[in-house]
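Following: one structure in structure tokens, then a few remarks.
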Amino acid sequence: MKRTILFLSIFFTANSFGQSLTGELQQANTYDEVKALTDKDPALRLDLLQVNECIDTSALQKQFYTKKYGDIFVIGGDTYKVLYDTSSVFSRVNYIFLDGAKLSIRQIDSIRSLIMGAYKKGVPFDSLASKYNMDGNQNFGDTNWFTDGIMAKEFSDAVKQHKISDVFAVDIKQHNWFYVVKKTFETARFKQMAIIHIQKIH
């Protein structure tokens with residue numbers, strides 16, 4: 001009986017703590033405001049999570065992407081609040097860069113023909129990137145995920161116009177940049193979020 005009473009006491013204390021924290025969090029809309037709130041209680045630990053839907057894909061992180069700005073929610077006893085919620089269009093490709101400052105247009109066209117021909121015969125694009133790419137990218141020309149403003153506009157626009165597995169040329173003549181590109185992922189809109197994470201550590 002005493003054990004049951006003790007359990008109920010702990011349960012109601014924890015439940016009251018959760019309700020009280022949620023109520024106070026509703027009034028806190030910036031990291032500094034939340035920090036001022038949690039600084040009052042040494043038992044609370046505060047983290048700021050920056051997550052991107054196309055990169056952060058753990059089971060826990062996937063639960064975040066159903067939320068929106070201002071949402072307060074509890075997962076596994078920890079409390080979270082969404083401070084920032086937006087979305088952007090992301091793309092990802094592999095590329096082979098040919099430097100127009102070192103090669104003539106004739107040489108670039110010749111190398112491109114070799115690359116395209118070899119790829120059509122079944123040579124993996126990764127192998128071709130290792131052999132021909134001229135910008136030092138050690139990861140087979142993988143761009144990782146990028147959004148508008150990261151790459152040259154001509155490059156981003158060309159990528160958006162193609163579908164996954166397309167191999168195509170991109171010229172940015174004003175900079176003497178010439179590419180063979182393989183689209184490795186579909187262009188899609190993904191969420192980017194900043195989320196407050198509060199744990200009660202003791």
Side-chain angles (χ1 to χ4, degrees), residues 3-95 137 139 142-164 172 181 183-202:
R3 186 174 297 175
T4 302
I5 292 171
L6 177 61
F7 170 78
L8 288 173
S9 175
I10 293 171
F11 173 80
F12 284 120
T13 300
N15 193 47
S16 298
F17 162 78
Q19 290 177 348
S20 172
L21 181 60
T22 298
E24 293 185 82
L25 276 176
Q26 289 174 347
Q27 308 303 317
N29 296 308
T30 68
Y31 177 84
D32 287 342
E33 289 174 351
V34 176
K35 188 174 186 307
L37 171 64
T38 56
D39 282 349
K40 298 174 184 177
D41 187 342
L44 297 180
R45 187 174 76 183
L46 176 66
D47 297 305
L48 180 63
L49 309 177
Q50 304 275 359
V51 293
N52 186 316
E53 190 176 8
C54 63
I55 299 170
D56 304 307
T57 57
S58 70
L60 172 63
Q61 291 160 341
K62 285 179 179 178
Q63 295 180 69
F64 298 157
Y65 305 127
T66 63
K67 309 301 181 182
K68 62 183 184 301
Y69 170 74
D71 281 355
I72 300 168
F73 52 99
V74 177
I75 299 176
D78 293 350
T79 302
Y80 299 84
K81 177 169 183 173
V82 180
L83 289 185
Y84 174 81
D85 168 22
T86 189
S87 65
S88 299
V89 174
F90 284 83
S91 300
R92 187 172 181 176
V93 302
N94 283 48
Y95 67 87
N137 185 318
N139 197 25
D142 181 17
T143 59
N144 215 319
W145 291 100
F146 65 91
T147 190
D148 289 345
I150 302 299
M151 303 295 183
K153 186 176 186 303
E154 297 93 329
F155 190 97
S156 293
D157 288 349
V159 169
K160 289 177 186 176
Q161 291 166 11
H162 287 83
K163 61 182 183 296
I164 192 169
I172 307 176
V181 180
K183 188 162 183 175
T184 48
F185 292 84
E186 290 289 5
T187 296
R189 183 170 290 277
F190 293 105
K191 274 193 171 188
Q192 298 163 279
M193 306 177 78
I195 300 173
I196 287 289
H197 172 211
I198 301 174
Q199 290 177 290
K200 190 168 180 65
I201 54 178
H202 59 266

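- Atom NE2 of H162 sits about 11.0 Å away from atom OG1 of T187, to the nearest 0.5 Å.
- The CD1 atom of I164 lies 8.5 Å from the NZ atom of K183; values are rounded to the nearest 0.5 Å.
- The CZ atom of F64 sits 13.5 Å away from atom CG of N52, with the distance rounded to the nearest 0.5 Å.
- Within the 4.5 Å cutoff, the side chain of Q61 has no heavy atoms near those of the L49 side chain.
- Residues H197 and D78 share a closest heavy-atom pair of NE2-OD2, 2.9 Å.
- Two residues are said to be in side-chain contact when any heavy atoms from C-beta on lie closer than 4.5 Å; I72 and T79 meet this criterion.
- Distance check, rounded to the nearest 0.5 Å: OG of S91 to NZ of K160 gives 6.5 Å.
- A distance of 12.0 Å separates CG in D85 from NZ in K67, rounded to the nearest 0.5 Å.
- Contact record, M151 with S156: CB-OG, 3.7 Å, taken as the closest heavy-atom pair.
- Here the side chains of L37 and I198 are not in contact, with every heavy-atom distance at 4.5 Å or above.
- With sequence neighbours excluded, no residue forms a ring-ring contact (aromatic ring centres under 6.0 Å, His included) with Y69.
- Using bins of under 30°, 30° to 60° and over 60° for the plane-to-plane angle, the ring pair F90/W145 lands in the perpendicular bin.
- Using a 4.0 Å cut-off between charged nitrogen and carboxylate oxygen, D71 and K68 count as a salt-bridge pair.
- The shortest distance between side-chain heavy atoms of T147 and F190 does not fall below 4.5 Å.
- Sparse packing is recorded around NZ of K35, with 12 or fewer heavy atoms of other residues, nucleotides or ligands lying under 6.0 Å away.
- Residues V159 and V93 share a closest heavy-atom pair of CG1-CG1, 3.7 Å.
- Taken to the nearest 0.5 Å, the CG atom of L83 stands 6.5 Å off from the CG atom of L48.
- In this structure, the salt bridge (charged side-chain N to carboxylate O under 4.0 Å, His left out) partners of K153, at least two apart in sequence or on a different chain, are D157.
- At a threshold of 4.5 Å between non-hydrogen side-chain atoms, the residues T143 and F185 do not count as touching.
- Screening E53, Q192, K191 for a side-chain hydrogen bond (donor to acceptor under 3.5 Å, both in side chains) with S88, the sole residue that qualifies is Q192.
- Side-chain contact between I196 and E33 is absent, with no heavy atoms from C-beta onward closer than 4.5 Å.
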